[in-house]
Amino acid sequence: MKLYWNIHAPGEDSGGSMKNPSPDDVMERLDGMERHAGVVGLDDPATSSNLQVRGERQTYLLTLGCEEEDDYDVKTPYCATTAPDMIPVLGDLYDARSLTADFGLVRAIFRLFLAGERNPDGMV
């Protein structure tokens, strides 16, 4: 497993990567991203899967990419009751129905991914 991050804090940016991170390493990077803005991701070459969160201003895009039956599928949380609007996150526009303000959900999905779960509930 590989952890990568790029955190944009006022006056200083930090980024890097780490092989075989501990859950504490991952949560530490997520803490930094939650307080500021940036990207944190995990790559699992053994299962050809990737989990990434991009966020700023308490708005987060969580994506889970997995190889399934000779295809690469990307899943996000989806809220059908949210109005279909385009919201900027780190300079790109995303459908508001695929974004979350719930950083607890982000943490929970990262914990599940670290535990080997590749199809968590709530990701479509």
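Computed from a predicted structure; not experimentally measured.
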Heavy-atom closest pair, residues Arg29 and Met18: NH2-CE, 3.4 Å
Rounded distance [0.5 Å steps], CZ in Phe110 versus CG in Leu3: 8.0 Å
CE on Met86 to OH on Tyr94, rounded to 0.5 Å: 9.5 Å
Nearest-0.5 Å distance, CG of residue Asn6 to OG of residue Ser14: 7.0 Å
Sub-4.5 Å side-chain heavy-atom contact between Arg111 and Pro23: no
Verdict with reasoning, Tyr72 to Asn50, per side chain to side chain contact (heavy atoms under 4.5 Å, CB included): CA-CA 10 Å; Tyr72 198 77; Asn50 171 277; 3.7 Å; yes
Reported CE-to-CG distance for the pair Met1 and Asp44, which is rounded to 0.5 angstrom: 4.5 Å
Straight-line distance of Leu62 CG to Lys75 NZ, nearest 0.5 Å: 12.5 Å
Arg57 side chain near Pro88 side chain, heavy-atom distance below 4.5 Å: yes
Smallest separation among heavy atoms of Gly55 and Val89, with atom names: CA-CG1, 3.8 Å
Stepwise side chain to side chain contact (heavy atoms under 4.5 Å, CB included) test for Val106 and Met33: CA-CA 11 Å; Val106 171; Met33 199 209 82; 5.9 Å; no
Minimum heavy-atom distance between Glu34 and Arg107, given as atom pair plus value: OE1-NH2, 2.7 Å
Shortest non-hydrogen contact from Gly38 toward Leu90: O-CD1, 3.4 Å
ILVMFWY network linking Leu105 to Leu114, side-chain heavy atoms under 4.5 angstrom: yes
Hydrophobic cluster membership, Ile7 vs Leu61, 4.5 Å side-chain cutoff: no
Reported CH2-to-CG distance for the pair Trp5 and Leu42, which is rounded to 0.5 angstrom: 11.0 Å
Least distance between heavy atoms, Gly104 atom then Asp102 atom: N-OD1, 3.0 Å
Taking every non-hydrogen atom, the tightest pair across His36 and Pro10: ND1-CD, 3.5 Å
Hphob cluster co-occupancy, Tyr4 + Leu30, side-chain heavy atoms under 4.5 angstrom: no
Hydrophobic cluster identity match, Leu51 and Tyr60, side-chain contacts under 4.5 Å: yes
Same apolar cluster (I L V M F W Y, side chains within < 4.5 Å links), Val40/Phe103: yes
